[in-house]
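Structure record follows, encoded as structure tokens.
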Amino acid sequence: MGKAAGTASWVWYAAAAVSYCGAAIFEKALLNWFVGPLWLVAFIWFGPLVADRVRGRSRREEDERDDTPVGQGPAE
Amino acid sequence: VSWAAHQFEIYAVQKHLPKKMQGKVSFWGIWLGDFTPDFLSKFWVYGITIGGHHYGAKIPQQWHRGWPGMGFTHTLFLGVIVAAGLWAWKRNRALTIGYLLGFAAHALTDVNDSVGTMALFPFTTLSFSVRTWAYAATVSGGKYLDAAAYYSSLGLAMDLFWFCVVLVSWRVLTREYWRTTIVPADPHVWSWLGKYMPERALVALYQATFFYGVCRMVSWSIWAHVIARPVIDGVERFGYPYDLSWTGPWWIHARSLHHVPIWLVPVVTLALLGAVYAVASRLWEPMGRAEAAARSNRRS
């Protein structure tokens, strides 16, 4: 569990670095003392929140599909 | 001009404090001290162009490092004055010593480019420079040419050196280190931030300057050596050429100011660095007593 959480956190660090470098190569205005640090903080702070929300929504949709009797559409 | 080196050196300073100061010097103090020189002077070095008119320094190196100019922002003289002001205002040893050490790191690292800093200002306005790489901030080239020259020269080696210093001390970047060493030295700032941010965001905020340094080094290097198509001596090239010779790269004129003989620079720089650490170490206990006294006065 701890290892999985650690790996997940590294994924967010890597995503922040790749996206920032990728964007900054072509838009140098992003390379400044404010945007750079904020970019990382935003990814680490909000990335897992957004991912949890997306995962939660898709799980709910999956559960709803599983609960639907065969041959019937979703309850209205 | 040093680039990501300034982002990395704050972690190196933090990690290599004298034993009695470890866990007691403010990270934000070091950060603020290290960033002050360029906060005060850098914007006007490159300037800004509005409606085809360029607003900025006419002679960037004179503005950035010289006198008359903003060169005093890169001198220990200013660092000591601001640190003394912080002490008089806050009576906070962690912040004051951190600021002084961070400022010294920045001012002394910048002796490496061909312009250098006025290390003994106000006693002399001569520059101290070892000319390791070319100072390349120009009115026409702006930030782009400066970055291209830096990341094609021994400036890149300087960034990589500080990067490796931090990597060797990699624990300085961990959550554990942040909890046990960084937070106790700055409890008020971190607890205030903690009211609004979760712990993972606080740790990221602490690591963010290192992150910015790495990305800055990577992005500018890729741009300069893969994306850019400069014309040098009438020939279009695929990327700016590397030149790791002293005072390189060869394709740009290294700016300079009136300076002292090069052999004097390491001697004076190391002496100043030693003096800063000695003074900080000598004042550490008396400042701690004065801070405790001021705190008890405020309570009563």
Side-chain angles (χ1 to χ4, degrees), chain A residues 1-68 74-75, chain B residues 3-4 6-7 10 28 31-32 34-40 42-43 46 48 106 142-148 150-151 173-176 178 193-194 196-228 239:
Chain A
M1 183 73 179
K3 199 173 176 185
T7 308
S9 118
W10 277 109
V11 169
W12 287 113
Y13 279 93
V18 170
S19 60
Y20 184 56
C21 287
I25 287 168
F26 299 101
E27 183 48 70
K28 297 292 178 300
L30 294 173
L31 279 173
N32 66 59
W33 291 321
F34 299 103
V35 175
L38 282 179
W39 194 285
L40 177 70
V41 173
F43 261 77
I44 301 301
W45 187 354
F46 300 113
L49 295 179
V50 172
D52 284 349
R53 188 157 288 189
V54 170
R55 244 195 319 258
R57 190 189 302 157
S58 61
R59 198 170 296 145
R60 270 197 306 278
E61 284 169 1
E62 233 168 66
D63 290 346
E64 279 170 16
R65 265 201 307 275
D66 291 346
D67 292 344
T68 307
Chain B
W3 288 57
H6 292 316
Q7 276 81 65
I10 59 175
W28 291 117
W31 185 91
L32 191 62
D34 198 286
F35 279 60
T36 297
D38 282 347
F39 269 139
L40 294 177
K42 199 77 178 279
F43 177 74
Y46 302 124
I48 186 168
H106 187 123
K143 189 193 288 189
Y144 286 72
L145 189 60
D146 194 8
Y150 183 80
Y151 284 111
L173 296 169
T174 61
R175 179 182 298 230
E176 188 62 21
W178 173 79
L193 289 169
Y196 308 100
M197 299 163 77
E199 190 188 65
R200 67 172 186 279
L202 296 176
V203 177
L205 184 63
Y206 164 64
Q207 298 160 332
T209 304
F210 178 78
F211 168 86
Y212 171 53
V214 173
C215 292
R216 190 183 196 198
M217 185 168 65
V218 170
S219 300
W220 277 117
S221 293
I222 290 176
W223 171 79
H225 299 294
V226 179
I227 309 285

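Chain A is the first sequence line, chain B the second, and so forth, proteins listed ahead of strands; every chain is numbered from 1.
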* Check each atom of A:F43 against the heavy atoms of chain B and say whether the ones under 4.5 Å are side chain, backbone, both or neither. => neither
* Asked: Given that the side chain runs from C-beta out, which part of A:A23 has a heavy atom under 4.5 Å from chain B: side chain, backbone, both or neither?
  -> neither
* **Top of A:Y13, A:F46, A:W45 for chain B proximity - count of heavy-atom pairs under 4.5 angstrom** => A:W45
* Sole residue of B:W3, B:W223, B:W220 in side-chain contact (heavy atoms from CB on, under 4.5 Å) with A:L31 -> B:W220
* Asked: Mind checking whether B:F39 and A:W33 have parallel, tilted or perpendicular rings, split at 30° and 60°?
  -> perpendicular
* Nearest atoms (heavy-atom pairs only) where B:A204 meets A:L40 -> O-CD2, 3.5 Å
* Selection from B:K143, B:R175, B:Q207 maximising heavy-atom pairs under 4.5 Å formed with chain A -> B:Q207
* Structure fact -> Heaviest contributor of heavy-atom pairs below 4.5 Å to chain B, chosen from A:N32, A:V18, A:L30, is A:N32
* Asked: Does any heavy atom of chain A fall under 4.5 Å from the side chain of B:Q7, the backbone, both, or neither of them?
  -> side chain
* Asked: chain A heavy atoms under 4.5 Å from B:I222: which part of the residue, side chain, backbone, both or neither?
  -> side chain
* Please report the closest heavy-atom contact between B:C215 and A:Y20, naming both atoms and the distance. => CB-CD2, 3.3 Å
* Taking all atoms of both residues into account, what is the closest heavy-atom pair of B:M197 and A:V41, and its distance? -> CE-CG1, 3.9 Å
* Asked: Do you know which of B:A201, B:S219, B:P198 has the most heavy-atom pairs under 4.5 Å to chain A?
  -> B:S219
* Hey, are the side chains of B:Y212 and A:W39 touching, using non-hydrogen atoms and a 4.5 Å cut-off? -> no
